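Residue numbers begin at 1 in each chain, while the letters A, B, ... track the order of the sequences. Predicted model, so just to flag it, every value in this text is computed and none were measured.
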There are 4 protein chains.
Amino acid sequence: MAAIIGSSRIDGNTQQLTEMALEGIEYTPIILKDKKITPIDDLRHADGGFQPVADDYEEVIDKVLEHDILIFSTPVYWYGMSGVMKNFVDRWSQSLRDSRFEFKKKMSQKKVYVVTCGGDQPKIKALPLIQQFQHIFDFMGMSFADYMIGTANAPHDIETDQQAVGDARRWNQAFSSLQ
Amino acid sequence: MAAIIGSSRIDGNTQQLTEMALEGIEYTPIILKDKKITPIDDLRHADGGFQPVADDYEEVIDKVLEHDILIFSTPVYWYGMSGVMKNFVDRWSQSLRDSRFEFKKKMSQKKVYVVTCGGDQPKIKALPLIQQFQHIFDFMGMSFADYMIGTANAPHDIETDQQAVGDARRWNQAFSSLQ
Amino acid sequence: MAAIIGSSRIDGNTQQLTEMALEGIEYTPIILKDKKITPIDDLRHADGGFQPVADDYEEVIDKVLEHDILIFSTPVYWYGMSGVMKNFVDRWSQSLRDSRFEFKKKMSQKKVYVVTCGGDQPKIKALPLIQQFQHIFDFMGMSFADYMIGTANAPHDIETDQQAVGDARRWNQAFSSLQ
Amino acid sequence: MAAIIGSSRIDGNTQQLTEMALEGIEYTPIILKDKKITPIDDLRHADGGFQPVADDYEEVIDKVLEHDILIFSTPVYWYGMSGVMKNFVDRWSQSLRDSRFEFKKKMSQKKVYVVTCGGDQPKIKALPLIQQFQHIFDFMGMSFADYMIGTANAPHDIETDQQAVGDARRWNQAFSSLQ
């Protein structure tokens with residue numbers, strides 16, 4: 001299991017909620033903020049196609065591909081996923097055209113979860129984000145197992161969101177039973 | 001009027017559709033791809049708050065603030081706005097806390113339009129993106145005047161989308177009458 | 001071609017917009033308001049299952065099944081389809097279990113369009129209705145060809161919505177070329 | 001507190017989930033299926049306006065107005081609220097224009113909850129329904145406190161949806177503390 005953390009700050013609520021769900025579970029955290037992933041240069045239709053990019057994307061995607069269960073963990077940032085997570089997902093367009101690995105086939109075998117927290121009515125205003133993830137996962141053939149939406153703004157707010165804490169506990173039990 | 005172009009490639013369909021709508025109109029194009037805008041480092045809750053960032057964001061946002069009408073032009077990329085546009089919008093969190101300018105007040109006076117093109121059923125699958133823009137504009141108090149969604153994949157595909165071409169013509173007439 | 005009119009008033013904007021799109025086209029109008037279609041009594045899990053209902057539903061659905069292209073025409077009423085249209089669609093649950101006709105198979109061969117008009121920012125607030133129709137059509141295997149959203153409140157308002165009028169003209173040309 | 005039950009069958013999962021949340025709480029159940037509420041005849045723009053309708057709507061809305069907290073409980077039926085609930089909400093258009101009571105003002109003081117259950121991926125496919133309720137409540141100025149979405153198809157399925165059961169328990173505690 002890998003948790004792809006898209007937070008724009010260290011130890012934010014989304015990361016904390018993700019860690020609650022994963023307490024005692026063996027997993028690989030992938031902190032996107034600590035990696036250099038440049039926005040995609042879309043050369044799909046250019047002569048020569050995509051070119052190698054000197055950043056950490058390949059290292060990250062290699063690690064992602066090793067895991068069967070992926071947790072996408074992002075704050076609700078401007079009513080969408082964070083820029084660092086979007087930059088990461090955008091680069092999948094390049095992987096899809098990379099003959100070295102069967103990217104779509106491998107990704108289609110993943111089971112995915114989404115964790116997101118926001119401060120402005122996220123149970124309503126994060127729904128477009130959930131729908132966007134659904135479209136992404138549908139396109140890739142990935143199985144969208146579940147999501148949770150926490151309400152939190154200042155650090156540690158999430159601890160008082162009883163629904164989110166309950167969801168995290170429930171996920172934790174389900175993940176524990178897998179190991 | 002300014003057109004904020006979030007395309008990840010030069011002369012993509014979204015840019016072309018935007019230019020159709022703006023033919024003969026005086027406007028300032030802002031090509032985000034040509035600017036260096038780093039993902040936000042969210043220091044809202046850190047000691048000292050946000051720190052100055054050595055990139056092109058300030059130059060871009062200064063130019064944006066000069067205009068009364070803004071067109072957000074982004075491909076439907078992984079069912080959302082492009083990473084370069086998301087990185088740009090995310091940085092608004094920093095501007096909101098910057099005492100040098102009344103960011104929210106100034107932005108709340110803008111009239112905004114959205115142009116987006118996608119290849120995979122965008123008239124359905126770009127709706128979460130439109131809803132996300134609505135939430136963004138609501139938060140900032142900006143007036144969301146209209147949007148158009150084009151269906152296009154390979155370069156110049158947009159020219160055959162009669163609805164999008166018709167929308168662009170209609171917008172062009174409305175913009176012309178303003179000048 | 002059949003137009004299933006779900007308006008709750010005679011000659012409303014939605015009906016008028018639909019008629020613009022169908023000017024000069026041979027089609028069967030099905031005015032739901034003139035038919036008695038009672039809300040479904042969901043006996044799926046009851047002993048004996050669904051029972052015959054003494055109303056006009058069967059007559060209506062028989063007429064619907066005769067056509068290859070269906071236009072669902074409903075006002076945006078409380079941000080959804082009208083009650084008369086919802087009552088009609090809900091009864092499909094009964095048809096799905098009616099051994100007399102292969103309901104799902106026949107419906108899956110239909111090409112469908114949606115026309116809707118509303119008075120309160122329908123280009124944003126009718127998007128959940130469009131998404132609902134997408135889910136309905138996906139479930140039935142129907143092909144969702146296109147939709148249009150008009151902005152109108154008082155009778156004949158729709159005539160001043162240039163986008164809707166343009167869309168209607170474009171559809172009209174496409175429908176004409178089929179005949 | 002009143003629970004407005006829009007189920008199309010007796011003792012369905014949605015009703016059961018609602019009753020779990022309300023166990024031991026004093027509340028008024030309003031079973032729409034047992035009432036005769038005809039689809040609206042939209043006479044807003046007709047001479048003389050709306051006319052009295054000989055059905056149970058007035059009795060129902062009078063009872064609704066007596067309560068401060070309302071639970072809208074509807075199955076996900078064809079990816080929307082049930083026809084009986086839609087017919088009920090549609091009639092609000094008439095109440096809004098009824099000089100006998102200050103309908104909008106009274107409704108704007110209500111705190112509202114939504115309970116819905118569906119069988120086909122409701123945590124994704126019921127999101128347009130949640131968004132529709134948000135638009136309805138926004139229009140009326142009602143405060144949308146929370147919602148829950150259960151996954152269930154055959155009778156009593158809901159008992160095995162741990163998330164829904166957990167949500168119901170959490171709501172039950174919150175409601176208990178009010179009494």
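- Note that CH2 of C/Trp78 is 11.0 Å distant from CD of D/Gln132, once rounded to the nearest 0.5 Å.
- Counting heavy atoms of neighbouring residues, nucleotides and ligands inside a 6.0 Å radius, atom CD of C/Glu23 does not exceed 12 of them.
- Residue with the most contacts toward chain C among D/Pro39, D/Gly80, D/Ala126: D/Gly80 (heavy-atom pairs, distance under 4.5 Å).
- Of the two parts of C/Ser7, neither the backbone nor the side chain holds a non-hydrogen atom closer than 4.5 Å to a non-hydrogen atom of chain D.
- Within a 6.0 Å sphere centred on CD of C/Gln109, other residues, nucleotides and ligands contribute more than 12 heavy atoms.
- Environment of CD in C/Glu26: sparse, with no more than 12 heavy atoms of neighbouring residues, nucleotides or ligands closer than 6.0 Å.
- Taking all atoms of both residues into account, the shortest heavy-atom contact from C/Asn87 to D/Val84 is OD1-N, 4.3 Å.
- Atom NZ of C/Lys106 has more than 12 heavy atoms from other residues, nucleotides or ligands within 6.0 Å.
- Under a 3.5 Å cut-off, the side chain of C/Lys86 and the backbone N or O of D/Met85 do not form any donor-acceptor pair.
- In this structure, C/Ile136 CD1 and D/Lys125 NZ are separated by 11.5 Å, a value rounded to the nearest 0.5 Å.
- Only the side chain of C/Asp120 comes within less than 4.5 Å of a heavy atom in chain D; its backbone stays farther off.
- For the set C/Gly12, C/Pro75, C/Ala46, C/Pro155, the entry with the most heavy-atom pairs within less than 4.5 Å of chain D is C/Pro155.
- Taken from CD1 in D/Ile40 to NZ in C/Lys33, the straight-line distance is 9.5 Å, to the nearest 0.5 Å.
- Heavy atoms closer than 4.5 Å to chain C are found nowhere in D/Thr38, neither backbone nor side chain.
- Note that CD1 of D/Ile124 and NE2 of C/His135 are 8.0 Å apart. Values are rounded to the nearest 0.5 Å.
- Summarising the local packing, NZ of C/Lys123 is surrounded by more than 12 heavy atoms from other residues, nucleotides or ligands at distances under 6.0 Å.
- In the displayed structure, C/Arg97 atom CZ is contacted under 6.0 Å by more than 12 heavy atoms of other residues, nucleotides or ligands.
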